[in-house]
Amino acid sequence: METDYWDVTNVLEEAVEKYEPIRKSLGPFVTAEELSPQSRQDVLEILSQHLLDPELTEFVSESFSPLLLELVQRAVKRVSKETHGHRYEHDRLFVATGKHLLTNSYGVERSPLLNHLSSSPSPFQGHGLSSDVPPKKKRKSQKPKRATSDEDIVKAALKLVQHDRNLMSATVDWANFANFLSHDSKMVKWYTCQTLSLLNKLGESEKDIFLLQHFTQKEIQQLSLCTADVNGGNSTGGTKEVCTLTSLDASSGRKIIQTQDLSPNVVSISGVLLSMKQDKLSHGEKGVPSAHVIIPVQSTKTSLQNLALAIVSGSPVLLEGPVGSGKTSYVEHIANLTGRGNPCDLIKVQLGDQTDSKALVGTYRCTEIPGEFVWQPGPLTQAVQEGKWILLEDLDYAPMDVISVLLPLLESGSLTVPGHGDTIRAAPGFQIFATQRLYSHDSGLYRQQSAHSAVLDHCWTKIRVNSLSKNELYQVIVKLYPKLETVAGKLLEIFLLLCASYHEQEEEEGAVAMETNTELLEQTNWKQRGNRLVSTRDLLKWCDRVYQDQDFTTSQTANMVLLEALDCFTSCLPKPEMRLAAAQAIGALINISREQTQYFCQSYKPAIEVHPTSVRVGRITLRKKVQEIASLESGDRSNFSFTRHSLVLLERIAACIFRTEPVLLVGETGTGKTSTVQYLAKLAGQRLKVINMNQQSDSTDLLGGYKPVDIRRLVAPVREKFEQIFVKTFSRKQNLKFLGHIQKSFHGHQWQNLLKLMTHSTGAAVKKQKAIKNPSQEQQEISKEWKRVSEKLNKLKLQIKHAEGALAFTFVEGTLVRALHDGDWILLDEINLASAETLECLSSLLEGPNSSLMLMEKGDLQPVVRHPDFRLFACMNPATDIGKKELPMGIRNRFTEFYVDELVSPTDLQILICDYLKGFNLSAGRVQSIVSFYTSVRSLSKTKLMDGTGHHPHFSLRTLCRALSYAATNPCGIIPRSLYESFCLSFLTQLDKASCPMVRQLILKYIVGKTSVKGILGQPIPPPINGDFTKVEGYWIAQGQKEPCKPKGYILTQSVKGNLKMLARIVSARRFPVLLQGETSVGVLVDAMRKGYWIILDELNLAPSDVLEALNRELFIPETQEMVSAHPGFMLFATQNPPGQYGGRKILSRAFRNRFVELHFDEIPSRELETILHGRCAIPESYSQKMVSVMLELGLRRKGSGVFAGKQGFMTLRDLFRWAERYHQSSLGGDTFHDWDQHIADEGFLLLAGKVRRLEEREVVKEVLQQKLKRTVNDGNLFSLHQDTSLVTKPILEKVINTPTPKGFETSGLDRKPTSFSSSSRPSSQVRRASPAGWRNRDDNKKLLVVRWTPSLGYETGNPFLIDEISLADDSVLERLNSVLEPEQSCCWQRRQRGEPRRCGGGRRPRWIPHYSNHESWRRLWQERGTTQSFCILTSCKVKLMQLVAVAVLSLAKQSNFRLICFYTVA
């Protein structure tokens, strides 16, 4: 650390001249030519004594203000040594503190004085009982000391309370202060009354009453006039000399105080004194080494000085500056110097637009004791309560609720914690910092305009942190890397050309070359290079790389410097032409030709060499983790092709691994980001753990937290430790029976017996250890281990006692923490989906090669010990993909970032194809044909091809590799046929009808080739040799455990067979997940993966991101930190309705969809619909034709109805099948003549007309029914009981009329409602009612009834179940009803003890229930799956209507009695 110097020559001369006490004590030092180290110590000690002299306090404070903290610390140290009976110095320090040091602005840090006030005994002991007592007589050898008067004591107390009442009431011990009320001096009593009035917050009237108890009205007036200047300043006036900061060159012949003269508890920051943290000082600590080395150039010293002055003032500090300017580093540097280098002393919080204020303030969390919850204060609350420093990164991204929490804290120093206690006052030592990024523009630097943080502008002390100038950067490089002095100028030119920040140009050398290269960059839209900005951090990373491994005597140095520059500066750019332009600009400055630069950008291909103990990729050699090699090499071997693209990426990642840099890979899906890291981990023998991040990811998923576990998991480690130490203490052979009892009790879950056995043995072992005289070192360690086992047993007893009938809780370490101390590699996939507070825990890990993190949730006070082999990787798709966002810049710029391009080089594609199909021995022409197909289909996908959703399909490297990997197994026994089937499987399935023939022709042209197409495709696929298989549409599918059977009622039409054929082709491969997309009507996951079941995820595009991202690869369970691998027989199917056409259906991201084989199912042709109705519902073909014609005609007239979106607003396929089922289930007719055309027309009207809300739409339904069925629908015959009443509704009306009307229920206007309800109450029909807003239940004034939901509430017992105002229900309620609306009427209770699926009326059938995101999706869902009726209630309520109808409908149902009836109000 640089030495600071203070010139005290002039101020000492003035002090000696003016004040006699100072002349006597410091006169000899002033006349001396120079001050020796001991003399400087004596001067500081004498000045600290004069500081407490009431006559000299003000002069010393002002004249020596830059050194005032040092004088205060010396005075506090001296006073603290005073015994309790001698309080002379203690009283003088209190008076000096109250009158001057704390209450006047001398630029001294307050924390030492506040800590002294809070830790020292009451300053009022021994005062106040009488008038001032003269001091005891001193011996002649002692000079008499003037005791501090009681008036000075109380006056100092008053000034302290006036300065900060809340702080002083909590800091000072006010015991015995009231004794001054009985003092003889009126002035003392007056100051005492004023102080007590402030402390007790008395109002003016209360204060007047209080004063009149001790003074007359006249005395009050006189004393008020006499003490009117108590708040005034005590300045003596005049111009004073002040000691100044100087340099070593100017200190010759002067009286100088140096940094080395300061106390150990004081540190100098560019001449500004700050105190060390007390607990660090007591343990002799100076903080942990900073991750950043600060070189004291002029800008740095200015910024640090301004920051230190702001800390001294105690005000909140906001650091503003461009990216990489050192905002965070400066705060960390000062924190480290003042003993706050550990994460527990400087708390860093990464803010983002999704940050919740609760994450800062705190919340309740569970403990290891079941049922016990404790308050877990957030980082901001911890800092306020414990007087710590806190740094809020990227304040300009904070949402408004975070700003609202910070505002009162910054204005008043108090933090309000809602729901937990009262307002918390900031403890002494608390300091809040924040950073805010400035952005570059042609006109200068500016900040984000839309930031909510502007509300806090008036609260901060703002410090502008500017980027270093070119000359300062040169000094930094030369100081850190001396070997680079000769090339530092060139390195700086390159950096200034590329950097995003403004750096002051002090020299004009190379201006022409710089301008030329800048023009080259601007031609490639350099300013649109993306969200990753080049900063000083990248420059130092580059210099560090060049400094470590380059030999400047070789001719290859320039090439190596260029390669490192490409890694650090250009590899993060998204466009190849932009990377090439930047590389050529860099090469021109280090004298590398354009051709050579182009070679390194487009043709350079590093070599790879694998040795028994190391692996070399290009210029980097990594050592293998030998102990892991055998176990890893025995695992599965995935295809990894050594293309130029992959080898360059391998070398770049290896360089980061070698230098312990975190890696961020950015690129489109299917470009090989994850697979490259996985392959490199296998080569290096490292365990790699992959975690898929999502919007619901929590920091506990990475760090760990208190989670419910089986008691066995709590007992197992204690038992294991017990047995290990037991065999060290006792004989194993002699205690085999005892150890057998231990094992039996453990496996039998006999926890009480196990605890008794272990507790008894532990007590005996402890006694045995105590009996040993002169124990050896090993015996002492054994004794300590037994004590630890005893503590764990006591804790385990308590846990088991409270866990009876409940879950046990323990702290489960997260995957990131385990990888950190085990030395594993960890990959965070889709990192840009995680929230800012989740990524906050990574910020400390990204600071340097030795950085770590601390588990504050667990209560740890020390960081996790970081294993040297630990490495961190992250992957993300660009923010242009659906659901993806930009990574916070404060996190992103700490990674070494590489953009991963898609593989488009024909040469690389040929290598890839040959590697996958190496067993086929394909000719070069055939390989080139496959390359031509891939490039052609990708080109067409951007122009002509469309997928089932109406968008251009996305064909990536994953699509090609999926086809190649399946073809490599040669499933058809013939290579051309296997290639044809595999490419059809991968490239055809997601396309629409028009695009499929185009791609199929490309496959026949390029993949099958000139051979006989009919001969190859006409041959049947041979059955597999091993196992039982069933042939479905020409493909062999493995049989499950159950007997194969053909589903009843499933009609195979031509289009259905086509869909089934595509699905069978995919399923026969037994390796790919399937996503089915098409119009509607076309805890379980973990169990299915383990046991090899098939699973269908219905309505996948309604699921939240955490469900979607969990399906990406191996299934990671955050609650148990377990990774589940799929059983070989496991198959995953997912279905979705097209997004945009159905409410709430979102578009899935390209990255997610690309992992599925997509199948798009088109609408069923009308002719096939007639066949399906005839076969499934057993109705005559003539009637099925008429019903389908009605549906088609209503579809043409859909535009007049705005009830439901979509082309089937009047009628859906589900309505069509319900209509046919009503005909099929009708019991009318028999042997008598029955007009079935009229019957169908009446049923159709009841089903369809009830959905519409306008009379004209009802007439449209009537008109279409009459046109197609040649029958007229009469409302009077349907809803009135008379001779001509329709036989469809007559039994219902008779039942309703004969049913007694409930009391208070009016039936006017409700004639047709029971009929509609009853018609819908036939088997497999649910009812949904919509009514206009404004209708109210007559029982509105009654109290709300809270009902606890149980599965037996109507569902399993077969009773009607009414859901009123369903549109107000929460999504979690609605999603449970999804499968109930299907004809199967089954539901899986996810929160049951065993999760068994239940069926209505007692039947059982499994059904997976997905998540739904909003109510809009339910409008369409219920319109299709429920029978919808729309009506108005004029004089009564909907619930009472249902009471009337329920009596009538129950007797009409012929199968399951369960009915689900829901109401919602039309907005």
Side-chain angles (χ1 to χ4, degrees), residues 94-95 97-99 101-105 110-111 113-125 127-128 150-183 185-217 219-221 223-232 314-316 381 384-385 387 405 407-430 459:
F94 179 78
V95 172
T97 300
K99 286 188 173 182
L101 300 181
L102 268 186
T103 53
N104 290 335
S105 178
R110 302 195 309 169
S111 56
L113 293 169
L114 294 176
N115 289 329
H116 172 73
L117 288 176
S118 62
S119 60
S120 61
S122 174
F124 314 115
Q125 292 181 6
H127 292 276
D150 290 346
E151 183 176 338
D152 289 337
I153 293 286
V154 293
K155 188 174 182 180
L158 176 58
K159 294 199 70 173
L160 285 174
V161 175
Q162 288 175 335
H163 177 68
D164 195 328
R165 177 182 60 193
N166 295 328
L167 178 62
M168 292 306 152
S169 63
T171 303
V172 178
D173 183 0
W174 295 96
N176 305 315
F177 183 74
N179 292 338
F180 286 110
L181 290 175
S182 57
H183 202 282
S185 169
K186 291 184 179 180
M187 194 65 70
V188 172
K189 291 172 61 179
W190 175 258
Y191 287 135
T192 303
C193 290
Q194 296 291 334
T195 304
L196 291 175
S197 298
L198 288 173
L199 285 173
N200 292 283
K201 303 178 182 180
L202 299 182
E204 287 298 324
S205 59
E206 295 171 324
K207 181 179 177 181
D208 292 340
I209 296 173
F210 177 59
L211 290 176
L212 288 173
Q213 293 176 357
H214 300 278
F215 304 98
T216 63
Q217 189 64 44
E219 289 175 336
I220 291 174
Q221 294 176 354
L223 290 170
S224 298
L225 293 174
C226 294
T227 59
D229 62 339
V230 70
N231 291 322
S315 59
T381 306
V384 171
Q385 285 179 323
V405 169
L407 184 60
L409 177 62
L410 299 181
E411 289 183 335
S412 63
S414 300
L415 177 66
T416 302
V417 183
H420 181 77
D422 298 324
T423 301
I424 302 174
R425 181 76 185 178
F430 169 73
C459 303

Distance, nearest 0.5 Å, that separates OG1 of Thr381 from CG of Leu415
5.0 Å
Specify whether Phe124 and Trp174 have parallel, tilted or perpendicular ring planes, treating 30° as the upper limit for parallel and 60° as the lower limit for perpendicular.
parallel
Provide the closest heavy-atom pair for Gly387 versus Ala427 in the form atom of the first, atom of the second, distance.
N-CB, 3.7 Å
Check whether any side-chain heavy atom of Leu167 sits under 4.5 Å from a side-chain heavy atom of Leu114, and report yes or no.
yes
Taking it one step at a time, do Lys201 and Asn166 satisfy side chain to side chain contact (heavy atoms under 4.5 Å, CB included)?
CA-CA 10 Å; Lys201 303 178 182 180; Asn166 295 328; 4.1 Å; yes
The single option from Lys207, Lys189, Gln162 that satisfies side-chain hydrogen bond (donor to acceptor under 3.5 Å, both in side chains) with Gln194 is Lys207
Do the side chains of Ser169 and Val161 get nearer than 4.5 Å, heavy atoms only?
no
Run the numbers on Val172 and Phe177 for side chain to side chain contact (heavy atoms under 4.5 Å, CB included), then give the verdict.
CA-CA 11 Å; Val172 178; Phe177 183 74; over 6 Å; no
How long is the straight-line distance from OG1 of Thr192 back to CD1 of Ile153, given to the nearest 0.5 Å?
11.0 Å
Could you pull out the closest heavy-atom pair between Leu198 and Arg165, with the gap in Å?
O-CD, 2.7 Å
CG of Asp164 to OG1 of Thr171: how many Å apart, nearest 0.5 Å?
8.0 Å
For residues Leu160 and Met168, report the shortest heavy-atom separation together with the two atoms involved.
O-CG, 3.2 Å
Gap separating the CD atom of Glu206 from the CD1 atom of Ile209, nearest 0.5 angstrom:
7.0 Å
Out of curiosity, Leu409 CG to Phe430 CZ, how far, rounded to the nearest 0.5 Å?
4.5 Å
Looking only at non-hydrogen atoms, find the nearest pair between Cys193 and His214 and report the distance.
SG-CD2, 3.9 Å
Between Phe210 and Leu196, does the side chain to side chain contact (heavy atoms under 4.5 Å, CB included) criterion hold? Intermediate values first, please.
CA-CA 10 Å; Phe210 177 59; Leu196 291 175; 4.2 Å; yes
Going by salt bridge (Lys or Arg N to Asp or Glu O under 4.0 Å), name the residues that satisfy it together with Glu411, two or more places apart in sequence or in a different chain.
none
With rounding to the nearest 0.5 Å, note down the distance linking CD in Glu151 to CH2 in Trp190.
13.5 Å
How close do Val95 and Ala156 get, counting heavy atoms only, and between which atoms?
CA-CB, 3.7 Å
Phe180 side chain near Ser185 side chain, heavy-atom distance below 4.5 Å
no
What closest approach, in Å, do Thr423 and Ser414 show between heavy atoms, and which atom pair accounts for it?
CG2-CB, 3.3 Å
For the side chain of Asp173 and the backbone of Ala175, is there at least one donor-acceptor N/O pair under 3.5 Å apart?
yes
Let's go through Phe94 and Asp152 carefully: what are the C-alpha distance in whole Å and the side-chain angles of both, what is the deciding distance for side chain to side chain contact (heavy atoms under 4.5 Å, CB included) to 0.1 Å, and is it a yes or a no?
CA-CA 9 Å; Phe94 179 78; Asp152 289 337; over 6 Å; no
